[in-house]
Every structure is written in C-alpha cells, then in structure tokens.
Amino acid sequence: MRIVFEYNVLYISVVSTFLIVLLLLVRGFFGTKIHRVFFTLAWTIVLVRLILPIGVMVPVGWPGGAEAVYGWVKDIPFSDFVWIWCTGACAAAVVFVVRYIVCGRVLREALPIQKVPDIDEEMFTFMGIRVFVSDRISSPVTFGIFHQKVLLPKYYMNLSREQLKYILIHEKIHIDNHDNLNKFLIIIAVCIHWFNPFAWMMYLCCNRDLEMACDEKVIRQVGESGREDYANVLISLASKEVIGETAYSGFAQSAIQERIVMIMGYRGVKKWNYAMYGAVALSSMLIFTMPTDRDLWAGGGDPAAEHAGGKTENASAPDGEAETVEYEAVDVEEVLEEDSFGARTYVTVKTVEGVELCIKLLLQKGIAATNGGVLTSYLPDGETWRAGMDETYSGEVTIPEAVLYKGKQYPVERIGAYSFYRCRKVTGIHMPNTVKEIQEKAFIDCESLKKLRLSSALETMEVNPFIGCASLKAFEMPECQSQYVVKDGALYTDFGRFLKAYPQGCKKKKVELDEDVIQIANCAFYGAQVEVVVLPKNMVRAKSRCFENCRNLKVVQASRNTRIAGDAFVGASQAYVYRYE
C-alpha cells in the first residue's frame with residue numbers, strides 16, 4: 001500500500017460521487033432508522049476525499065467494470081479544461097464569500113446580552129459560551145468559525161427559562177462539534193467540485209444532517225421525555241426569514257418538518273446500526289484506493305516504489321503435496337545492505353558473462369508478497385539512483401533465474417524500475433522465464449539495446465519500460481499461454497487486443513494495426529519513427545502520451561468513434577488526426 005498524489009480533480013469528483021449516491025440512497029430509505037451522527041461521519045469521509053488530492057495504491061485487482069471507469073476518467077484531458085474549472089471555482093467562491101461578508105456585517109452588530117429580570121444570569125454563562133443579542137435575526141444562530149458566539153433574537157426576553165435552556169444546549173453542541181468549521185469545509189469542497197451536481201446535493205444534505213445530529217444529542221442530554229417540549233420550541237421559532245446559513249449554525253434552520261419527524265420518532269441506538277456503520281465506513285474507504293496497474297493512468301512512477309511481486313512457482317504433486325521448483329541459481333557475490341527486520345537484503349550476483357547485477361531479496365512472505373528476488377537499481381546513502389549493473393558494460397547480459405542465499409533459492413520475478421537505467425552500451429538482454437513483472441523505466445535509455453528476449457511468464461508490465469531504446473527493432477517472446485504476445489515485432493497484452501509497446505528502432509514508416517486491437521497504451525509509440533498510423537475501426541481509445549516524441553509522425557487515421565487522449569501527441573508537432581467513417 002502506498003499513498004500517491006492525485007492531480008485529476010475530475011477523477012476525485014467521479015469516485016466521490018459513488019459514495020455520495022450511496023449515502024443519499026441510505027438516507028432516503030433508512031433515514032428515520034439510522035442516527036444522523038452516522039451520516040455526519042460518513043459525510044466527513046466524503047469531504048476528505050473531495051478536498052485532499054491523495055489516493056492509496058493497494059496491491060489488489062479491480063473488477064473489470066470499475067477498471068474501465070477508472071481508465072475512462074483518467075483519459076479525459078483535464079488539463080485542457082483547467083481554465084474553465086478555475087473560472088467556475090472562483091465564481092462559486094466569490095458567491096459564498098459575498099454572502100459571508102454581507103451576513104457577517106449584520107451579525108457583528110449584535111450586542112452582549114444584558115441581565116434579564118426573573119432569569120438567572122448563570123443561564124447564559126454556565127456553558128462557557130458568549131451570548132449576544134441582535135434585532136436583525138429571527139431565530140438563534142451560532143456565528144464564527146474559530147471564535148464562536150451565540151446570537152439570540154431580540155424577543156428572547158419573552159422566552160421561558162426552559163425554552164432558553166433548549167436553545168443554549170443546541171447551540172453549545174454546535175460549538176463543541178465545530179459544525180461551522182465543517183460547513184466551511186463543505187463550501188470549499190463545493191467550490192472545487194462546482195461542476196458536479198452531486199456535490200451540491202451533498203452540500204444541502206450535509207447541512208441538514210448536521211442540524212439533526214445536533215437535535216439527537218440534545219434529546220440524549222435532556223432525555224426522551226423532553227423531546228416533545230424541544231420540538232415545540234423548534235416549531236415556535238421556525239421562520240422562513242433566517243439569516244443566510246453560509247457558515248452559520250441556526251436553531252430553527254434547515255428542513256423543519258424533517259427535523260420534527262426525526263425528533264418525535266427518536267429511539268435509542270439499535271445493535272444493527274453499528275453493523276451498518278462499520279460496513280459503510282469500510283466501503284467508503286474504497287474511494288481512496290487506486291489499482292496498481294498504472295497502465296490505466298498517465299502519471300509517472302516513483303523509482304523508489306516497492307510493489308509486491310508474484311508468488312514462488314510451485315508444482316502440485318499427484319498426492320496433493322506442493323513440490324518446490326528448482327532453478328538455475330547463482331551464488332551471492334556480496335551483501336550490499338540488509339535491513340534490521342530481516343525483511344529484505346540487497347546483494348550482487350554475477351551473470352554468465354561476468355557482469356555484476358544488484359538484486360533485492362524479499363526474505364519473508366509475511367512482509368512481502370513473494371520470497372523471490374527483484375533485479376533493481378540501488379540507492380546507497382547520499383547517492384543518486386544508479387542502474388542495477390555497471391553502466392559502462394558493453395555486450396549482452398543474461399539475467400539469472402534465481403539467487404542462492406543462505407541455502408535457499410530466490411527466483412528473480414521482477415525487473416525493478418531503473419534496473420538498466422542509462423546502460424547505453426548493452427546490446428542484448430536475455431530474460432529468464434521466472435520474471436512475472438517489469439516496472440516502469442526498467443530499460444530506460446538503453447540506446448544500443450538490439451535484442452531483448454521477454455519472459456514467457458510475464459504477467460504485469462507498467463507504462464512502456466523501453467523508452468529511449470532507440471536501437472530496439474523488435475521484441476522477442478517465446479510462444480506461451482501468457483496474455484502478452486508479440487506481433488510484427490510489437491508487444492501486445494490482453495491476448496493481442498491492447499498495444500503495449502512499439503519498438504522505437506523499427507524503421508517501418510506506415511503501421512496498420514489489426515482489426516482486433518481496441519486500445520493503445522500510455523507511451524506505446526514513444527519515439528517511434530513511424531510517419532503514418534492507421535487505427536482499426538474497432539479501436540476504442542488511444543491513451544495518454546501514446547505518440548509522445550514521434551517527431552516524424554504526420555497522420556493518424558482513426559474512426560470517429562475512437563477516443564484519443566488530449567495529450568497523445570506531446571512532442572509530435574507535425575501530427576494530425578484524420579477521421580474516417
């Protein structure tokens with residue numbers, strides 16, 4: 001699990017909408033049976049997701065439908081509409097600020113409350129709140145965000161001691177719950193996501209739920225026997241001319257009928273309520289998660305990121321007992337670094353060509369998803385990232401199947417990010433069939449790389465790891481049952497339907513993709529020398545930066561139904577799209 005920065009406001013808005021809709025449905029069908037405190041907590045989770053630009057990357061897969069939605073949203077070029085978004089956000093903010101200033105001027109004219117005959121002065125001070133009086137309001141309100149005070153209308157002298165007690169308890173709960181601060185955060189979320197109608201629905205419902213949650217706490221304080229009196233006070237003070245509720249909490253504001261029904265029907269918390277609280281809380285956290293397959297998004301990778309790899313290969317014996325697979329393992333030449341927990345160790349090994357490689361061994365299944373090895377770049381203290389091998393080496397390299405360390409074999413199952421970073425003289429790389437994952441930028445800037453044999457067990461490959469491999473004319477891969485296949489030298493996944501990477505060194509000027517190809521991955525054609533690309537009629541979409549730095553590219557022929565990302569032609573200034581029927 002890893003926390004990442006999420007830059008796409010549209011994506012945050014869309015995923016948050018799922019939880020908003022869920023809460024609206026629960027609120028509509030079970031609103032009278034579930035306590036409003038639950039809804040205020042759930043709305044808080046929504047607010048955090050709407051305001052904070054972060055996501056949590058977890059090592060689990062998503063269902064196909066959710067993954068498709070994720071990819072669709074990520075492909076929308078939000079950067080093309082950033083000025084429209086900024087204009088709308090500023091306009092919404094101005095509206096709220098003007099309302100706050102206008103209402104604030106009225107409320108700031110309030111005067112401290114004076115001693116009233118027949119009413120104990122401690123009524124206004126025992127709760128530790130400041131009470132003021134205004135002739136410009138028709139019902140009590142709590143004003144301010146950090147330094148809050150309670151404002152009473154001028155007719156408060158006509159209220160009974162019991163009525164004042166209910167009012168002050170209600171406003172004191174607003175202050176203790178920091179409801180005005182919550183309303184301020186709701187306004188920020190609405191300004192950011194002004195284009196989302198569900199954000200405005202959240203604004204209305206959340207304000208109502210804050211009031212009703214406050215009503216519930218009042219009833220718990222005064223007892224269920226006093227709820228009828230409390231409801232009568234609420235009805236007597238209800239007014240249609242309430243001062244603007246931009247960031248204020250009012251006693252008689254917001255959905256009087258709904259509040260009265262809730263107050264009169266209030267019952268103690270049922271046990272099944274707690275089960276629903278937990279279920280919704282857990283499901284709501286899903287809106288923060290992101291799939292680990294970053295082919296679905298256009299962001300860059302973190303070279304220090306550590307992802308869980310696959311499991312060690314086992315074969316099932318006829319009697320059902322697991323049989324460990326034996327590999328051609330190489331011995332450790334040197335231990336570079338070992339953490340204090342015994343979870344991972346960095347070592348160097350030598351290939352058959354005598355080249356030293358840096359490999360990270362994941363030692364415990366309980367800490368890492370695999371006990372296999374990772375060919376990786378190495379970062380000693382105080383140094384910058386460097387490749388996992390000698391950058392000056394010229395020739396071919398054979399990656400070992402496994403590493404023998406303390407009497408145990410660790411299969412090499414992953415090629416880590418920056419493993420062959422700027423190994424400009426390497427001409428060929430032979431990958432063992434134990435490798436299941438290739439991380440982003442693993443072979444970046446291997447300018448002389450001409451021969452690359454991929455693993456038949458390959459399961460996952462991040463955004464084009466072969467950027468800068470200007471001499472690579474074709475990929476090589478043995479025939480296997482993997483979803484990765486090589487056709488005409490290009491690498492495909494999804495059994496040939498998803499173009500993953502096109503060899504940068506191929507001299508072909510015109511490329512016509514097969515009819516069964518429906519997608520082009522991020523950076524798939526990076527730096528390719530093609531001049532014309534013909535996309536099939538069934539092509540669904542070409543993803544972000546798919547034709548990046550194709551400086552010779554002139555024409556991309558695509559169907560009118562094919563969606564092409566707005567930043568697909570970064571660095572390909574001559575290119576234009578010709579649409580056909």
Side-chain angles (χ1 to χ4, degrees), residues 9-10 12-13 16-17 20 40 43-44 46-53 78 81-112 129-154 170-171 174-175 177-214 237-256 259:
V9 174
L10 182 60
I12 295 175
S13 191
S16 300
T17 297
I20 294 174
T40 58
W43 290 127
T44 300
V46 177
L47 284 177
V48 172
R49 187 63 178 112
L50 288 172
I51 294 176
L52 294 182
F78 178 75
F81 307 101
V82 67
W83 289 110
I84 299 176
W85 171 75
C86 287
T87 302
C90 292
V94 168
V95 171
F96 282 111
V97 169
V98 170
R99 288 185 63 192
Y100 183 85
I101 293 175
V102 171
C103 298
R105 287 179 178 176
V106 173
L107 298 179
R108 288 189 181 91
E109 296 175 358
L111 301 175
I129 56 178
R130 298 180 299 165
V131 184
F132 292 74
V133 178
S134 174
D135 60 354
R136 305 287 296 276
I137 61 175
S138 56
S139 68
V141 298
T142 297
F143 170 67
I145 297 177
F146 300 105
H147 303 286
Q148 301 175 75
K149 57 186 179 182
V150 175
L151 276 64
L152 299 177
K154 64 179 181 180
H170 180 97
E171 302 304 333
H174 274 310
I175 293 174
N177 291 344
H178 304 286
D179 284 345
N180 284 356
L181 177 60
N182 290 332
K183 290 189 174 186
F184 180 70
L185 295 178
I186 296 170
I187 291 171
I188 292 178
V190 169
C191 291
I192 295 174
H193 303 273
W194 58 270
F195 54 86
N196 188 345
F198 289 98
W200 292 94
M201 294 176 68
M202 177 205 68
Y203 170 76
L204 296 175
C205 293
C206 190
N207 278 316
R208 291 185 177 186
D209 289 334
L210 287 174
E211 289 296 331
M212 287 189 279
C214 187
L237 297 182
S239 172
K240 296 181 180 180
E241 300 177 359
V242 179
I243 192 77
E245 56 175 325
T246 302
Y248 315 122
S249 298
F251 182 79
Q253 290 182 12
S254 180
I256 295 300
R259 292 172 64 186

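Just so you know, residue 1 is the first one in the sequence shown, and it goes up from there. A quick note: this is a predicted structure, and the numbers were derived from the prediction, not measured.
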**Report entry** For V94, all residues meeting side chain to side chain contact (heavy atoms under 4.5 Å, CB included), sequence neighbours excluded
**Finding:** V98
Would you give the length of the straight line joining atom [atom1] of [X] to atom [atom2] of [Y], rounded to the nearest 0.5 angstrom?
{"X": "T44", "Y": "I186", "atom1": "OG1", "atom2": "CD1", "answer": "8.0 Å"}
{"X": "L47", "Y": "L185", "atom1": "CG", "atom2": "CG", "answer": "6.5 Å"}
{"X": "N177", "Y": "T40", "atom1": "CG", "atom2": "OG1", "answer": "7.5 Å"}

Locate the shortest heavy-atom distance separating [X] from [Y]; write the atom from each residue and the value.
{"X": "E171", "Y": "P140", "value": "OE2-O, 3.9 Å"}
{"X": "Y203", "Y": "N207", "value": "O-ND2, 2.9 Å"}
{"X": "H174", "Y": "T142", "value": "CB-OG1, 4.3 Å"}
{"X": "L50", "Y": "S13", "value": "CD2-CA, 4.5 Å"}
{"X": "W43", "Y": "C205", "value": "CZ2-CB, 3.9 Å"}
{"X": "A199", "Y": "V190", "value": "O-CG2, 3.8 Å"}

Do [X] and [Y] have side chains that get closer than 4.5 Å, going by heavy atoms?
{"X": "H193", "Y": "V9", "value": "yes"}
{"X": "F198", "Y": "V46", "value": "no"}
{"X": "L10", "Y": "W85", "value": "no"}
{"X": "W200", "Y": "M202", "value": "no"}
{"X": "V150", "Y": "I175", "value": "yes"}

**Report entry** S134: side-chain hydrogen bond (donor to acceptor under 3.5 Å, both in side chains) partners, not counting sequence neighbours
**Finding:** none
Requested in this report: Taking side-chain hydrogen bond (donor to acceptor under 3.5 Å, both in side chains) as the test, write out the residues that go with N182, two or more places apart.
Outcome: none
